[in-house]
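Written below as structure tokens is the structure these notes are about.
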Number of protein chains: 2
Amino acid sequence: MCAAKTESAASESRRPARDRIFEAAKDLFYRYGIRAVGVESIAAEADATKMTLYRNFNSKDELVAECLRDHDREFWEWWANVLAPHADEPKAQLMALMEAFSRDCEECLRGCPMNNAVVELHEEGHPGRAVIVENKIQIRERLLALCREIGARDPEILADAFYLLIEGAYISQLTLKGEDGPAKTLPRIGETLIAAETGK
Amino acid sequence: MCAAKTESAASESRRPARDRIFEAAKDLFYRYGIRAVGVESIAAEADATKMTLYRNFNSKDELVAECLRDHDREFWEWWANVLAPHADEPKAQLMALMEAFSRDCEECLRGCPMNNAVVELHEEGHPGRAVIVENKIQIRERLLALCREIGARDPEILADAFYLLIEGAYISQLTLKGEDGPAKTLPRIGETLIAAETGK
DNA sequence: TCGAAATGTTACTGACCGGTAACTCACAGG
DNA sequence: CCTGTGAGTTACCGGTCAGTAACATTTCGA
């Protein structure tokens, strides 16, 4: 038994079970969807047991929400890293975002974990929904702030254009993936929009 | 018993069970998601039984695929109706599409049924996936044809811009719904893009 | 009116779901 | 050395899942 363990020498100290379970849950939920993944398979993937899962998380729904919070945290870390090289240059930051989103859409496995999750979480009161909605509101607001900074004629319109383009790029990754997908045109479209909505 | 029946007098002739089941399945899948809806609840909603469902459809997966085919058929019917009033005026047709998509995103219940379904259908060989992918390919191609007709400088880029905007509008309906959602800006953005990508 | 087709009814299978109880074990720090 | 704690183990709960069998009933066209 235990033949499947790949890396454990006899008494090697492993990471806490909670972390292993959390990481496995995040991965499986993203890969296969939330309803498609049972708590038992999460525990198995983490080389732990269902009991340990329930000692660390109140319910599957709470575990889902926790995973989404971590996706949110990772996302804004990623966002900050994209903007960092172009401090105080809002136009360059917007373009860097478009290029980064375009690249991420080509590399990622299944689009945006937030959007994927919200499709499955139809229950209005699910603890994960608030995390997702807040994430989207923030994205829209930060895009709007950037569009104001570059002096766009109509910042709300331009920001919404960027917002829709990004969301469309992620969701289309699930159907039209690959080198010739529409997501790769993000930077070119961004360029055109900025030129059209500022004084060129 | 039978108190819940709303419209049947004693021997009133009802629509065939297959149609009732099909319609119920389409509605429930769209409303609550595919995995969240069991075959028994579909039969109940159709005022039929699970056995009748399985006499008319080989499996739940086949029923799902059938529903998606009908969504596809309805979509292109809708699309044709939007274009019809502007025959041989590709620019007006594109603008009519943007306005129609914008309106539909505000009115619809849960965004695009195709995108919602593809999130849940992670299995590569699911009979519904082909329907969805083909639908998306067709949308992209028809947008490209229209963008060629209006003499866009770079029709591929413009068509992909429209494609991403539409997809983004539908998916954002699940999180930022309501009057002030980003989908309402579709026509304005379309106008700007067309102006920028044609000779104005 | 007759008979076949469509549909309903009931019961069932085996598998899986989220979640819990009760017990054991290993190891840490005091 | 003892004890508290995190973790593993096993078995179980009630419920639901997709799908099927066997039989009764209704419907409707010929």
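Note that these values count all heavy atoms, side chains included, but never hydrogens, waters or copies made by symmetry. Below, chains carry the letters A, B, ... as their sequence lines are ordered, and counting in each starts from 1.
- Taking a 4.0 Å limit (strictly below) on heavy-atom distances, residues 49-60 of chain B reaches DNA chain D at B:K50, B:M51, B:Y54, B:R55, B:S59, B:K60.
- Salt-bridge annotation for A:E124 and A:R129: present, with a side-chain N of the basic residue lying under 4.0 Å from a carboxylate O of the acidic one.
- Residues from residues 31-45 of chain B with heavy atoms under 4.0 angstrom of DNA chain D, sorted by number: B:V37, B:G38, B:V39.
- With no hydrogens or angles considered, no side-chain donor-acceptor pair links A:Y170 and A:N116 at under 3.5 Å.
- Residues satisfying the side-chain hydrogen bond (donor to acceptor under 3.5 Å, both in side chains) test with A:D154, not counting sequence neighbours, are B:R188.
- With B:E120 contributing its side chain and B:R35 its backbone, the two residues share a donor-acceptor pair below 3.5 Å.
- Between the CZ atom of A:R20 and the C1' atom of D:dA7 there is a distance of 9 Å, rounded to whole Å.
- No hydrogens or angles considered: nothing links the side chains of A:T175 and A:S172 as a donor-acceptor pair under 3.5 Å.
- Remark: B:E23 engages B:R15 in a side-chain hydrogen bond (donor to acceptor under 3.5 Å, both in side chains) (not counting sequence neighbours).
- Axis angle, first five pairs versus last five pairs of the helix from C:dT1-D:dA30 to C:dG30-D:dC1: 10°, rounded to 10°.
- Under the 3.5 Å distance criterion, the side-chain polar atoms of B:R31 are left unmatched by any main-chain donor or acceptor of B:R110.
- Ion pairing between B:R69 and B:E66 holds under the 4.0 Å rule for side-chain N and carboxylate O.
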Throw together a table of side-chain donor-acceptor distances under 3.5 angstrom for residues 75-85 of chain A, partners on residues two or more places apart or in other chains.
residue	atom	partner	partner atom	Å
A:W76	NE1	A:D72	OD1	3.1
A:E77	OE1	A:R73	NH1	3.2
A:N81	ND2	A:E77	O	3.4

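- The number of heavy atoms from other shown groups lying within 6.0 Å of CD (A:Q138) is above 12.
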